[in-house]
*Asks:* 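Structure incoming, see below.
Reckoned from all heavy atoms, side chains included, excluding hydrogens, waters and symmetry mates. Chain identifiers are assigned alphabetically (A, B, ...) following the order of the sequence lines, protein sequences preceding nucleic acid strands; residue numbering begins at 1 within each chain. Quantities reported herein were computed from a predicted structural model and do not represent experimental measurements.
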Amino acid sequence: GNSVTQMEGPVTLSEEAFLTINCTYTATGYPSLFWYVQYPGEGLQLLLKATKADDKGSNKGFEATYRKETTSFHLEKGSVQVSDSAVYFCALTARNSGNTPLVFGKGTRLSVIA
Amino acid sequence: DAGITQSPRHKVTETGTPVTLRCHQTENHRYMYWYRQDPGHGLRLIHYSYGVKDTDKGEVSDGYSVSRSKTEDFLLTLESATSSQTSVYFCAISEGGQGYEQYFGPGTRLTVT
(Lines give C-alpha, C1' and ligand atoms only; values in the text may rest on other atoms or scores of the structure.)
Protein backbone atom coordinates (compact mmCIF):
# COMPACT_ATOMS: atom_id res chain seq x y z
CA GLY A 1 0.00 0.00 0.00
CA ASN A 2 0.88 3.67 -0.07
CA SER A 3 2.82 5.07 2.87
CA VAL A 4 4.88 8.03 4.01
CA THR A 5 7.80 7.97 6.43
CA GLN A 6 9.19 11.16 7.86
CA MET A 7 11.91 11.78 10.36
CA GLU A 8 11.08 11.58 14.02
CA GLY A 9 11.05 14.76 15.99
CA PRO A 10 11.20 16.92 17.79
CA VAL A 11 13.74 19.02 15.94
CA THR A 12 15.17 22.00 17.78
CA LEU A 13 17.13 24.64 15.89
CA SER A 14 18.51 28.07 16.57
CA GLU A 15 17.17 30.98 14.56
CA GLU A 16 18.80 31.30 11.10
CA ALA A 17 19.88 27.64 11.07
CA PHE A 18 19.38 25.42 8.03
CA LEU A 19 16.43 23.04 8.18
CA THR A 20 15.96 19.65 6.59
CA ILE A 21 13.06 17.34 7.38
CA ASN A 22 13.34 14.03 5.59
CA CYS A 23 10.37 12.38 3.91
CA THR A 24 10.32 9.17 1.89
CA TYR A 25 7.35 7.46 0.38
CA THR A 26 6.10 4.17 -0.98
CA ALA A 27 3.47 4.29 -3.69
CA THR A 28 2.47 2.48 -6.83
CA GLY A 29 2.11 4.71 -9.83
CA TYR A 30 2.97 8.39 -9.70
CA PRO A 31 1.84 10.16 -6.56
CA SER A 32 1.42 13.85 -5.91
CA LEU A 33 3.42 14.96 -2.88
CA PHE A 34 2.62 17.61 -0.29
CA TRP A 35 3.97 19.30 2.80
CA TYR A 36 1.47 20.62 5.30
CA VAL A 37 2.19 22.76 8.36
CA GLN A 38 0.21 22.94 11.59
CA TYR A 39 0.74 25.88 13.91
CA PRO A 40 -0.25 25.49 17.57
CA GLY A 41 -4.01 25.28 18.05
CA GLU A 42 -4.78 25.40 14.34
CA GLY A 43 -5.68 23.10 11.48
CA LEU A 44 -3.29 21.98 8.78
CA GLN A 45 -2.30 24.38 6.02
CA LEU A 46 -0.87 23.41 2.68
CA LEU A 47 2.75 24.60 2.56
CA LEU A 48 3.84 23.34 -0.86
CA LYS A 49 3.27 20.58 -3.36
CA ALA A 50 4.79 18.77 -6.37
CA THR A 51 2.88 16.67 -8.83
CA LYS A 52 5.57 15.01 -10.94
CA ALA A 53 9.17 13.88 -10.78
CA ASP A 54 11.81 16.65 -10.53
CA ASP A 55 9.18 19.28 -9.71
CA LYS A 56 10.22 21.67 -6.96
CA GLY A 57 7.55 23.06 -4.69
CA SER A 58 8.32 26.27 -2.83
CA ASN A 59 6.59 28.68 -0.48
CA LYS A 60 7.62 31.07 2.31
CA GLY A 61 11.30 30.13 1.88
CA PHE A 62 10.60 26.40 2.13
CA GLU A 63 11.45 24.07 -0.74
CA ALA A 64 11.05 20.39 -1.56
CA THR A 65 11.99 18.49 -4.71
CA TYR A 66 10.13 15.40 -5.91
CA ARG A 67 12.84 12.74 -6.33
CA LYS A 68 11.44 9.66 -8.01
CA GLU A 69 14.76 7.79 -8.03
CA THR A 70 15.06 8.01 -4.24
CA THR A 71 11.29 8.20 -3.54
CA SER A 72 11.89 11.27 -1.42
CA PHE A 73 10.44 14.74 -0.86
CA HIS A 74 12.65 16.36 1.77
CA LEU A 75 11.65 19.75 3.14
CA GLU A 76 14.37 22.43 3.38
CA LYS A 77 14.69 26.02 4.46
CA GLY A 78 17.88 27.99 4.43
CA SER A 79 17.28 30.16 7.49
CA VAL A 80 14.53 29.33 9.97
CA GLN A 81 12.72 31.82 12.14
CA VAL A 82 11.00 31.47 15.48
CA SER A 83 7.69 31.83 13.64
CA ASP A 84 8.43 28.57 11.76
CA SER A 85 7.92 26.58 14.95
CA ALA A 86 5.14 24.14 14.09
CA VAL A 87 4.45 20.53 13.18
CA TYR A 88 5.21 19.58 9.58
CA PHE A 89 3.46 16.72 7.76
CA CYS A 90 4.52 15.06 4.55
CA ALA A 91 1.67 13.51 2.55
CA LEU A 92 0.90 11.87 -0.76
CA THR A 93 -2.05 11.04 -2.92
CA ALA A 94 -1.60 8.32 -5.48
CA ARG A 95 -3.20 8.36 -8.88
CA ASN A 96 -4.02 4.68 -8.83
CA SER A 97 -5.97 4.86 -5.59
CA GLY A 98 -9.42 5.83 -6.85
CA ASN A 99 -11.14 8.11 -4.41
CA THR A 100 -8.75 7.51 -1.57
CA PRO A 101 -7.46 10.65 0.02
CA LEU A 102 -4.15 11.79 1.38
CA VAL A 103 -1.79 9.46 3.20
CA PHE A 104 0.11 11.36 5.91
CA GLY A 105 3.36 10.84 7.71
CA LYS A 106 3.21 11.12 11.49
CA GLY A 107 4.52 14.66 11.59
CA THR A 108 7.74 16.31 12.73
CA ARG A 109 7.64 18.96 15.41
CA LEU A 110 10.04 21.86 14.84
CA SER A 111 11.01 24.28 17.57
CA VAL A 112 13.11 27.30 16.67
CA ILE A 113 14.75 29.20 19.51
CA ALA A 114 15.98 32.78 19.37
CA ASP B 1 -8.44 30.67 3.44
CA ALA B 2 -10.86 28.02 2.24
CA GLY B 3 -14.33 28.50 3.70
CA ILE B 4 -14.53 25.62 6.14
CA THR B 5 -16.08 25.82 9.58
CA GLN B 6 -16.47 23.16 12.22
CA SER B 7 -18.89 23.11 15.11
CA PRO B 8 -18.65 22.87 17.97
CA ARG B 9 -15.00 23.83 18.44
CA HIS B 10 -14.83 22.24 21.87
CA LYS B 11 -17.04 19.64 23.51
CA VAL B 12 -16.94 17.60 26.68
CA THR B 13 -19.32 14.67 26.87
CA GLU B 14 -19.86 11.56 28.93
CA THR B 15 -19.18 7.98 27.93
CA GLY B 16 -22.16 6.39 26.20
CA THR B 17 -23.74 9.59 24.90
CA PRO B 18 -24.19 10.30 21.18
CA VAL B 19 -22.22 13.17 19.70
CA THR B 20 -22.48 14.86 16.30
CA LEU B 21 -19.81 17.09 14.83
CA ARG B 22 -20.56 19.32 11.90
CA CYS B 23 -18.40 20.45 9.02
CA HIS B 24 -19.65 23.20 6.74
CA GLN B 25 -18.00 24.45 3.55
CA THR B 26 -18.72 27.36 1.25
CA GLU B 27 -16.39 26.26 -1.57
CA ASN B 28 -18.74 23.81 -3.31
CA HIS B 29 -16.02 21.15 -3.28
CA ARG B 30 -17.10 17.63 -4.07
CA TYR B 31 -14.92 15.79 -1.56
CA MET B 32 -15.09 16.06 2.22
CA TYR B 33 -13.15 14.15 4.87
CA TRP B 34 -13.08 13.54 8.60
CA TYR B 35 -9.77 12.87 10.37
CA ARG B 36 -8.76 12.43 13.95
CA GLN B 37 -5.42 13.57 15.30
CA ASP B 38 -3.79 11.87 18.25
CA PRO B 39 -0.25 12.12 19.66
CA GLY B 40 2.03 9.55 18.05
CA HIS B 41 -0.46 8.73 15.30
CA GLY B 42 -0.54 11.83 13.14
CA LEU B 43 -3.77 12.18 11.19
CA ARG B 44 -5.94 9.17 10.56
CA LEU B 45 -8.87 9.10 8.18
CA ILE B 46 -12.25 8.19 9.67
CA HIS B 47 -14.67 8.56 6.75
CA TYR B 48 -14.87 10.55 3.59
CA SER B 49 -17.46 11.60 1.04
CA TYR B 50 -17.14 11.94 -2.72
CA GLY B 51 -20.57 13.43 -3.28
CA VAL B 52 -23.98 13.92 -1.72
CA LYS B 53 -25.01 10.66 -0.11
CA ASP B 54 -21.75 9.00 -1.28
CA THR B 55 -19.47 8.05 1.58
CA ASP B 56 -16.77 5.51 2.32
CA LYS B 57 -14.80 4.28 5.31
CA GLY B 58 -11.30 5.25 6.25
CA GLU B 59 -8.78 3.39 8.35
CA VAL B 60 -10.39 4.10 11.76
CA SER B 61 -14.13 4.07 11.04
CA ASP B 62 -15.31 1.76 13.85
CA GLY B 63 -17.66 3.59 16.22
CA TYR B 64 -18.28 6.44 13.77
CA SER B 65 -20.90 7.15 11.15
CA VAL B 66 -21.27 10.01 8.68
CA SER B 67 -23.93 11.63 6.58
CA ARG B 68 -23.92 14.09 3.73
CA SER B 69 -27.34 15.27 2.59
CA LYS B 70 -26.08 18.52 1.09
CA THR B 71 -22.87 19.45 -0.72
CA GLU B 72 -21.90 21.92 1.98
CA ASP B 73 -22.41 19.82 5.11
CA PHE B 74 -20.70 16.66 6.33
CA LEU B 75 -21.70 15.30 9.72
CA LEU B 76 -19.69 12.92 11.89
CA THR B 77 -21.61 11.00 14.56
CA LEU B 78 -20.26 9.03 17.47
CA GLU B 79 -23.19 6.75 18.26
CA SER B 80 -22.04 6.00 21.80
CA ALA B 81 -18.93 7.94 22.76
CA THR B 82 -16.03 6.15 24.45
CA SER B 83 -12.93 7.54 26.14
CA SER B 84 -10.80 6.24 23.25
CA GLN B 85 -12.60 8.73 21.01
CA THR B 86 -11.16 11.66 22.94
CA SER B 87 -9.25 13.44 20.19
CA VAL B 88 -9.04 16.46 17.94
CA TYR B 89 -11.23 16.04 14.87
CA PHE B 90 -10.47 17.79 11.60
CA CYS B 91 -12.64 18.19 8.56
CA ALA B 92 -11.06 18.70 5.14
CA ILE B 93 -12.31 19.40 1.63
CA SER B 94 -10.90 19.03 -1.85
CA GLU B 95 -12.01 19.63 -5.41
CA GLY B 96 -11.02 16.16 -6.53
CA GLY B 97 -9.87 12.87 -5.09
CA GLN B 98 -6.51 11.55 -6.10
CA GLY B 99 -3.90 14.14 -6.94
CA TYR B 100 -5.66 17.05 -5.26
CA GLU B 101 -4.63 18.92 -2.16
CA GLN B 102 -6.97 19.18 0.79
CA TYR B 103 -7.95 22.21 2.83
CA PHE B 104 -8.54 21.80 6.52
CA GLY B 105 -10.95 23.25 9.02
CA PRO B 106 -9.89 24.59 12.44
CA GLY B 107 -10.67 21.38 14.33
CA THR B 108 -12.96 20.24 17.14
CA ARG B 109 -11.48 19.15 20.44
CA LEU B 110 -13.65 16.39 21.90
CA THR B 111 -13.19 15.06 25.40
CA VAL B 112 -15.12 11.98 26.51
CA THR B 113 -15.15 11.54 30.29
Side-chain angles (χ1 to χ4, degrees), chain A residues 1-10 21 23 25 27-53 55 57 59 64 66 73 86-109, chain B residues 1-7 9-10 21 23 25 27 29-51 54-61 66 68 74 87-109:
Chain A
N2 301 320
S3 66
V4 173
T5 303
Q6 61 181 106
M7 62 188 289
E8 298 278 338
I21 300 178
C23 171
Y25 67 88
T28 52
Y30 301 96
S32 294
L33 302 172
F34 307 86
W35 276 102
Y36 282 82
V37 58
Q38 184 180 31
Y39 298 104
E42 299 183 10
L44 278 70
Q45 301 174 25
L46 179 65
L47 181 60
L48 54 83
K49 68 177 184 180
T51 58
K52 62 183 187 296
D55 268 1
N59 186 24
Y66 188 142
F73 193 54
V87 180
Y88 293 81
F89 293 91
C90 185
L92 70 81
T93 177
R95 290 184 178 82
N96 65 332
S97 56
N99 285 322
T100 57
L102 291 173
V103 174
F104 285 90
K106 293 190 175 180
T108 303
R109 182 176 299 278
Chain B
D1 289 345
I4 311 168
T5 56
Q6 293 184 232
S7 58
R9 295 292 314 279
H10 302 271
L21 309 183
C23 177
Q25 61 147 327
E27 305 296 322
H29 284 355
R30 180 182 173 192
Y31 289 77
M32 299 185 76
Y33 311 87
W34 278 108
Y35 293 90
R36 59 179 290 174
Q37 185 177 31
D38 304 290
H41 291 279
L43 272 82
R44 293 181 291 175
L45 181 67
I46 305 171
H47 282 280
Y48 65 100
S49 169
Y50 47 97
D54 292 322
T55 64
D56 206 349
K57 296 179 180 180
E59 65 176 300
V60 290
S61 59
V66 290
R68 190 164 178 208
F74 192 33
S87 187
V88 180
Y89 291 86
F90 287 100
C91 174
I93 65 174
S94 70
E95 291 182 78
Q98 57 194 17
Y100 285 80
E101 62 265 36
Q102 295 178 17
Y103 301 95
F104 285 78
T108 294
R109 182 173 295 277

*Asks:* If you round to the nearest 0.5 Å, how far is CG of A:L47 from CD of B:E101?
*Replies:* 12.5 Å
*Asks:* Is it the case that more than 12 heavy atoms not belonging to B:R109 sit under 6.0 Å from its CZ atom?
*Replies:*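 Not buried by this count: 12 neighbours or fewer within 6.0 Å.
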*Asks:* Supply the atom-to-atom distance B:Q37 CD to A:F89 CZ, rounded to the nearest 0.5 angstrom.
*Replies:*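 It is 4.5 Å, given to the nearest 0.5 Å.
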*Asks:* Side chain, backbone, both or neither: which part of B:Q6 has a non-hydrogen atom closer than 4.5 Å to chain A?
*Replies:*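 No part of it gets close to chain A.
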*Asks:* Is it true that atom CZ of A:R109 has more than 12 heavy atoms of other residues, nucleotides or ligands lying nearer than 6.0 Å?
*Replies:* no
*Asks:* Tell me, for A:L46 versus chain B, whether the close heavy atoms (under 4.5 Å) come from the side chain, the backbone, both or neither.
*Replies:*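 Side chain only.
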*Asks:* So do the side chains of B:L43 and A:L44 get within less than 4.5 Å of each other, counting heavy atoms only?
*Replies:* yes
*Asks:* Are more than 12 heavy atoms, taken from residues, nucleotides or ligands other than A:E8, located less than 6.0 Å from that residue's CD atom?
*Replies:*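 No, because the 6.0 Å sphere around CD of A:E8 holds 12 heavy atoms or fewer from other groups.
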*Asks:* Any side-chain heavy atom of B:F90 sitting closer than 4.5 Å to one from A:Q38?
*Replies:*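 The answer is yes, as the side chains (C-beta and beyond) meet within the 4.5 Å cut-off.
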*Asks:* Please round to the nearest 0.5 Å and tell me the distance separating atom CZ of B:F104 and atom OH of A:Y36.
*Replies:*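 Reported value, rounded in 0.5 Å steps: 5.5 Å.
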*Asks:* Check each atom of A:Q45 against the heavy atoms of chain B and say whether the ones under 4.5 Å are side chain, backbone, both or neither.
*Replies:* neither
